[in-house]
Structure formats: C-alpha cells, structure tokens
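Chain naming here is simple, since letters A, B, ... match the order of the sequence lines and numbering starts at 1 in each. Computation of the quantities below employed the complete heavy-atom set of this structure, encompassing side-chain atoms and omitting hydrogens, waters and symmetry-equivalent molecules.
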2 protein chains.
Amino acid sequence: MAGNTKERLLDSSGELFRRQGYMGTGVKQILAEAGAPFGSLYHHFPGGKSDLGAETVRRSGFLYGLLLGEFAGPEVELAGGIRAFFAGAAGTLRETDYADACPIATVALEVSSSDEEMRQACADVFNAWIEGGTARFELAGIPHARARTLVIQMLAALEGAFVLSRALRSTEPVELAGEASVASIEAALAA
Amino acid sequence: MAGNTKERLLDSSGELFRRQGYMGTGVKQILAEAGAPFGSLYHHFPGGKSDLGAETVRRSGFLYGLLLGEFAGPEVELAGGIRAFFAGAAGTLRETDYADACPIATVALEVSSSDEEMRQACADVFNAWIEGGTARFELAGIPHARARTLVIQMLAALEGAFVLSRALRSTEPVELAGEASVASIEAALAA
DNA sequence: GTCTATAGAAGGATAGAC
DNA sequence: GTCTATCCTTCTATAGAC
C-alpha cells in the first residue's frame, strides 16, 4: 500500500501538471487528489515539491513516449501510424475539453529559465523522444540525419499545435500539423 | 508620468510572463521591476493581476506580431523574410540564454484550462497572427485556404520549436522548424 | 490620487504525536 | 512509519494615511 501511495501521488501530479502546469499546482491539491495525507509527500519525496515534480516529468514523459510507440510502432506503416497518432491527439483534446495535450510542455516552458533541475528532467524526456523516434524512422529506411531532422520537426509541430489548439479551443492546428508531418515523412520515404 | 507607470507595468509583466509564465510571476515582482508602488497596480488595473495579465497578453502579442511583420512584410520576398525571422528567433534565444521566445506561449498553456478571460486574450492574439499571416501569404499569390493552412502550420512549428529549444538549450529545433516552414512556403509559391 | 501598512488566504515545509 | 497540527513565508487584495 505504501508503494501505491507514491504511484497515486505521481499520477495525480501528472494529471494536474498537464492541465495547470507546475507553478499553478499546489502540493495540497496533489495530495487531496491522491487521497494521501500531508506527510506522505515528504516521506516518499524528501526533496518536496521539486523532487516530486522532476520524477513526475520523467514518468509522464516516459508514458507519453510509450503511447507514441503504440500508434507508430515498428509493426505498423510509419506514415499511417503518425497520422493515427495526431488524429488520436485531436480526439483526446475534444473529449477532455482541450485539457489533455502534452503532459510536460507547460512545465517545460515554466521552468526552462528558472529551475535547472526541472529543466533537465524535461530535456531528458525530449531527448528520449527524439532518439526513440529517430530509431523508428531509420527502421523505415530513412537515413539517420534525415530521420532525426524529421522527428524534431514533427515534435515541434505537435507541441506548437497543442499550444494553439488549447488556446483556440479548436483541433484544427493539431490536424494541420499532422498533415504537414505525414507529408514530410511520405516524401522522405519516397526518396 | 501616470501613463508612464502603466506602460512600465505592462512592459515588466510582459518580460516576466515570457520567462516565468503567469503563475510563476507575482505582482510584487512586477511592481519591483517597474519601480512602482504597490497601490499603483490597482489604480491602473482595478481588476488586479488578471486584469493586468490579460492586457499584457494582448499588448505583448500585438508587439510580437509587429516584429513578425518587420521581418516578413509585404516589401520583402516572403520565403526569405520567414527564413530571416526564424534565424532572428534563434539568435535571440542564444543571446538571452534561451529566455526570450514567444511572449505568450507559456501563459497560454497555463491558463487554457483554468482562466477563461486569460485564455480568450491568448486566443485573440493567435487569431490575429493567423489572420495577418494569411493576408500576407495571399499577397504573395497563395490562395486563401492554402495560405491559412501554411500560416497555422508555421506558427505551430515556431511555438513547438520554442518549447524544445528552451528545454534543450539548443537552437536546433528552431532552425529545423524554420527550414520546414520555408520549404512549405516555397512549394506553395512554386505551385 | 500616491503610497504604505496590513489583512486574509494559500503556498511549501516541519515537528512530533501516536 | 503514518498522519496531524502547526509554522513561516508568500501570495493577492484592500483600507486608509497623507
């Protein structure tokens, strides 16, 4: 049960960070959401909020990377998998009233110039996505350098589309970013 | 001098929001930065922080739109202007230690699911950028629907590249996003 | 009508009861 | 070793002195 509490804390903070960011989420809110008593936070995360925050970012980022892998894994055709992923992201936005987009983007922007430990956690996640994506694109026959470029452009398109879609409350940006990414990938596959 | 204080407050909050976001910036910090006494905030912005916040977003967004227009205005060749804008954004990131990117993106992600007034201010800015950009692209001979699509894809690429570049402390994402955007625009111009 | 002092709530963190 | 009660700080906002 003790290990369960730690997982619930990470789950709750992950959900709240995604919607409200790091600065906008209080530890009391996280504890209430997790149904955990106050002291348990400092039992499981001696470093307090920043400790929990860094581990939340790494965990949420890892899980989101897995989700991307489920849509565009080696067993499916690459361009079709990416197309499905963007379509799924647009659907999730609609279903959650534009709340659930990238789990770490808000935090990344908030901490990049003020909290080096948290910034590093975000950077580690993005680098893992880039490396994992590059390997997947190479498996489809795209040369390494081109694969890496395409992945970074795709992730940028996705993250920026999330910013626009959430603010505009429209899935149009995510859909258009998906189309652009798929087109680039198909061009690279045809080359 | 009174009007000057209001402008200084907007300037200070704009700078701080860009680096730390809305939630991470306290009104006392804004006042200290502007060299203004505490009461002046509520004199110029009766609604308090959210009042100042919304006006800051609209003003910062308007000014950033002007900057974009300076780089890619009607008097310069479109693709070259866009290329120069992304190069300038990368240069600014390097010069400011990856602090100065989009003035409203952090705020937009923070407030999109929690503060409707602020979210609307961000949406108004993004819509103005989209409309202004679409008009500029049409002037270069690109049909309306295609122009609008290209602008949204370009803005998404820019915003997402800022997220990655700030977290990774590398201008690579911004540079690659610029290349992708320029290539799309050149393809549309050639069609 | 400019500014200071303070209120009242919420923030993160800790000490210690059990 | 789980949880509660409390501490100190910081937050936004207001009241009122001058």
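When the P atom of D:dG1 is taken as reference, atom NE2 of A:His44 falls 12 Å away, rounded to whole Å. Atom CG in B:Leu31 sits about 14 Å away from atom P in C:dT2, given to the nearest Å. Whole-Å rounding puts the A:Lys6 NZ to D:dC3 C1' distance at 19 Å. In this structure, CZ of A:Phe45 is placed 13 Å from P of C:dA13, rounded to the nearest angstrom. One atom, CG of B:Leu9, and another, P of C:dT2, lie 12 Å apart when rounded to the nearest Å. The separation between A:Leu41 atom CG and D:dT4 atom C1' is 15 Å, rounded to whole Å. Atom pair B:Met23:CE and D:dT10:C1' shows a separation of 16 Å (rounding to whole Å applied). Going from atom NZ of A:Lys49 over to atom C1' of D:dT10 covers 13 Å, rounded to whole Å.
Across C:dT4, D:dT4, C:dT14, the shortest atom-to-atom separation from the side chain of A:Pro37 is found for D:dT4. For A:Tyr42, whose side chain is taken as the heavy atoms from C-beta onward, the closest listed nucleotide among D:dT14, D:dC11, C:dT14 is C:dT14. Distances from the side chain of A:His43 to the nucleotides D:dG1, D:dA13, C:dT14 place D:dG1 closest.
Side-chain N/O atoms of A:Arg19 and B:Ser114 include no donor and acceptor closer than 3.5 Å.
Residue contacts shown for B:Gly26 are limited to sugar-phosphate atoms, with no base heavy atom under 4.0 Å away. Residue A:Ser50 is classed as having no contact, given no heavy-atom separation below 4.0 Å to the nucleic acid. Note on B:Gly39: a base of the nucleic acid sits closer than 4.0 angstrom, heavy atoms only.
Taking a 4.0 Å limit (strictly below) on heavy-atom distances, residues 106-121 of chain B does not reach DNA chain D anywhere.
Mapping A:Gly47 and B:Lys28 onto DNA chain C by nearest heavy atom places B:Lys28 closer to the 5' end of the strand. When the nearest nucleotides of DNA chain D are assigned to B:Tyr22 and A:Phe38 by heavy-atom distance, the more 5′-ward of the two goes with A:Phe38. Of the residues near DNA chain C, A:Gly24 and B:Ser40, the one whose nearest nucleotide (by heavy atom distance) lies more toward the 5' end is B:Ser40.
Proximity of a side-chain donor or acceptor of B:Glu138 to a complementary backbone N or O of B:Pro143 within less than 3.5 Å is not detected. At least one donor-acceptor pair under 3.5 Å links the side chain of A:Asp115 to the backbone N or O of A:Glu117. Without hydrogens or angle criteria, B:Arg18 side chain to B:Cys102 main chain gives no donor-acceptor distance under 3.5 Å.
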Let me have the donor-acceptor pairs involving side chains of residues 84-93 of chain A, under 3.5 Å, with sequence neighbours excluded, atom names and distances please.
{"from": "A:Thr92", "atom 1": "OG1", "to": "A:Gly88", "atom 2": "O", "distance (Å)": "3.0"}

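With B:Tyr42 as the aromatic partner, B:Lys49 does not meet the cation-pi criteria of under 6.0 angstrom to the ring centre and within 45 degrees of the ring axis.
Sorted by first and then second residue, the salt bridge (charged side-chain N to carboxylate O under 4.0 Å, His left out) pairs involving residues 178-191 of chain A (not counting sequence neighbours) are A:Arg83-A:Glu186.
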